[in-house]
Amino acid sequence: MNVLVLYSSRIASALQIKNAVESYQTTNGAHNRVTTFPMSDGGEGFLDAIETSITGCHRIPVTLRDTHFKLKSIYYIMSPDRKTAYIEAYKICGYNPCDTEQNPATTFTHGIGDAIVDALSRNCRNFIIGIEQVASIDAGMGMLKALGYRILTANGEELPLYRGSEMLRAATVADSKCATLLRRCRFTIACNDDSIFYAATGPAMRHARHLGANEVTTDILDNGLRNMASVYFHHNGRDVSYIKSGGAGGGIAGAFASFFNAKLKPAISATTGTQFSNEIKQADDIVVVCDSITPATVSGLSFSALLAMLKKSNARTHFLAMHTDNAPLLESLGVNDISVTVNPACDLPLLLDRIMPKNSD
């Protein structure tokens with residue numbers, strides 16, 4: 001019997017899941033094949049999922065600017081052949097609820113561009129970037145600044161600060177010296193947010209208050225995003241106003257689409273390949289270990305993509321979640337059972353024991 005365990009890299013490490021599976025197989029599941037595979041929504045844990053699913057990756061240490069423009073040492077990942085760079089925006093400028101100074105209008109995305117520049121210097125030309133849980137709403141201006149672009153006011157002066165509060169002052173863009181090189185690179189943006197660039201379903205209206213903005217600041221950010229869509233259109237000839245997921249990462253996704261013709265993909269589609277597809281096809285049962293099942297998570301791009309994959313599979317599906325208030329929807333989509341847990345790694349062996357046949361001597 002083939003069982004596939006998909007788990008959120010945000011709530012459980014590969015070691016925890018491995019130990020849970022081994023605990024089950026040691027007692028009564030040795031004759032069953034259990035394969036584990038990490039999932040990511042493009043936010044926290046994105047690089048963990050990459051490292052677990054791709055053997056032989058290289059960690060590349062880099063010092064860059066964080067959300068407050070202070071130096072920060074982190075790492076990104078390069079593929080075994082060093083041709084693809086995987087960058088997690090959350091590690092660079094992610095939202096931290098304990099940071100009392102955090103405000104989406106005054107924080108920076110410069111560090112994302114720093115990481116790209118470092119990878120370019122190592123002759124990397126393919127980029128997969130997870131941009132969920134970013135603390136800034138700046139239409140990617142900080143990232144563009146780090147890549148050498150200059151954003152100018154109507155008077156031709158460069159903006160003094162590349163952050164969300166300055167978006168309304170932007171009028172034109174001056175190309176980077178690396179513009180030609182950057183346009184030859186391939187960018188895939190791994191996201192979970194289907195926000196458009198501005199308006200009611202844009203990042204300001206959807207997320208600014210949660211990120212620390214008040215009502216006035218939220219309106220300023222939304223109007224700023226509207227202005228940046230116009231500025232980017234006049235520079236690149238690409239209207240990103242209503243691109244699905246263009247508002248992801250506070251508008252970073254739209255900037256990538258406008259300047260570099262990036263592909264915006266659900267994170268689970270951007271980070272999984274043939275091996276993942278084959279495992280789903282071969283599975284008799286699929287267990288999904290996740291944090292929460294709510295209307296918001298179910299409507300997210302990655303969750304929706306996962307459900308579509310599961311629906312095409314002939315496997316029985318089981319969810320082990322830390323919280324749920326949308327079980328009826330999953331049941332209507334053919335999910336066989338849903339269990340709630342406070343400790344996924346501890347309860348996973350119990351679930352496997354329940355759904356799989358025992359050893360027979």
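From a predicted model like this one, the values you see are computed outputs, not experimental measurements.
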Handout entry: Separation of Tyr86 OH from Ile50 CD1 (nearest 0.5 Å)
Key = 5.5 Å
Exercise for the section: Look at Glu157 together with Arg169 and state whether they make a salt bridge at an N to O cut-off of under 4.0 Å. Expected result: no
Exercise for the section: Locate the shortest heavy-atom distance separating Ala171 from Ala154; write the atom from each residue and the value. Expected result: CB-N, 3.5 Å
Handout entry: For Ser258, side-chain hydrogen bond (donor to acceptor under 3.5 Å, both in side chains) partners two or more places apart
Key = Asn236
Fill in the blank from the handout: Here the gap from Arg186 atom CZ to Asn261 atom CG, rounded to the nearest 0.5 Å, amounts to 12.5 Å
Handout entry: Asn223 side-chain N/O to Leu168 backbone N/O, donor-acceptor pair under 3.5 Å
Key = no
Problem - Within-4.5 Å side-chain heavy-atom neighbours: Ile286 and Ser313 - result: yes
Practice task
Kindly indicate whether the side chain of Val287, heavy atoms from C-beta on, has any atom under 4.5 Å from the side chain of Ile355.
Solution key: yes
Exercise for the section: State whether the side chain of Tyr162 and the backbone N or O of Ile151 hold a donor-acceptor pair below 3.5 Å, judged by distance alone. Expected result: yes
Exercise for the section: Describe, in one word, how the ring planes of Phe259 and Tyr232 are oriented to each other, choosing from parallel (under 30°), tilted (30 to 60°) and perpendicular (over 60°). Expected result: perpendicular
Fill in the blank from the handout: Rounding to 0.5 Å, atoms CE (Met322) and OG1 (Thr341) come to a distance of 7.0 Å
Problem - Test item: Cys185 and Phe260 side chains (from C-beta on) under 4.5 Å apart, heavy atoms - result: no
Practice task
Consider only side-chain N and O atoms of Ser230 and Asn227, and report whether a donor and an acceptor are under 3.5 Å apart.
Solution key: no
Fill in the blank from the handout: Here the gap from Arg82 atom CZ to Cys57 atom SG, rounded to the nearest 0.5 Å, amounts to 10.5 Å
Practice task
Taking the side chain as every heavy atom from C-beta outward, state whether Phe197 and Asp239 have any pair of such atoms under 4.5 Å apart.
Solution key: no
Completion exercise
Rounding to 0.5 Å, atoms CG (Leu351) and CG (Asp337) come to a distance of 6.0 Å
Exercise for the section: Can you label the angle between the His235 ring and the Tyr149 ring as parallel, tilted or perpendicular, going by 30° and 60°? Expected result: perpendicular
Practice task
Taking all non-hydrogen atoms of both residues into account, name the closest pair between Ala257 and Ile243 and its distance.
Solution key: CB-CD1, 4.4 Å
Practice task
Side-chain contact test, heavy atoms from C-beta onward, threshold under 4.5 Å: evaluate it for Asp48 versus Pro38 and give yes or no.
Solution key: no
Exercise for the section: Taking the side chain as every heavy atom from C-beta outward, state whether Ser195 and Ser245 have any pair of such atoms under 4.5 Å apart. Expected result: no
Exercise for the section: Looking only at non-hydrogen atoms, find the nearest pair between Leu225 and Gly250 and report the distance. Expected result: CD2-O, 3.9 Å
Exercise for the section: Would you please say whether a donor-acceptor pair under 3.5 Å links the side chains of Asp81 and Ser79? Expected result: yes
Exercise for the section: Would you please indicate if the ring centroids of His210 and Tyr95 are separated by under 6.0 Å? Expected result: yes
Problem - Under 3.5 Å donor-acceptor, Glu88 side chain and Phe46 backbone - result: yes
Problem - Side chain proximity check, Thr84 to Arg125, heavy atoms < 4.5 angstrom - result: no
Problem - Within residues 100-118 or reaching into it, pairs that qualify as side-chain hydrogen bond (donor to acceptor under 3.5 Å, both in side chains) - sequence neighbours excluded - result: Tyr76-Asp118, Thr107-Ser136, Thr109-Asp138, His110-Asp114, Asp118-Arg122
Exercise for the section: Spell out, as yes or no, whether a donor-acceptor pair under 3.5 Å connects the side chain of Arg150 to the backbone of Ser176. Expected result: no
Practice task
Answer yes or no: are there more than 12 heavy-atom neighbours, outside His68 itself, under 6.0 Å from its atom NE2?
Solution key: yes
Handout entry: Short side-chain to backbone donor-acceptor contact, Lys145 and Leu161, under 3.5 Å
Key = no
Exercise for the section: Could you tell me whether the side chain of Asp284 and the main chain of Asn2 form a donor-acceptor pair under 3.5 Å? Expected result: yes
Practice task
Taking the side chain as every heavy atom from C-beta outward, state whether Leu47 and Tyr75 have any atom pair closer than 4.5 Å.
Solution key: yes
Problem - Glu132 side chain vs Asp41 backbone, donor-acceptor pair below 3.5 Å - result: no
Problem - Short side-chain to backbone donor-acceptor contact, Asp222 and Tyr198, under 3.5 Å - result: no
Practice task
Flag yes if more than 12 heavy atoms outside Lys263 fall under 6.0 Å of its NZ atom; otherwise flag no.
Solution key: no
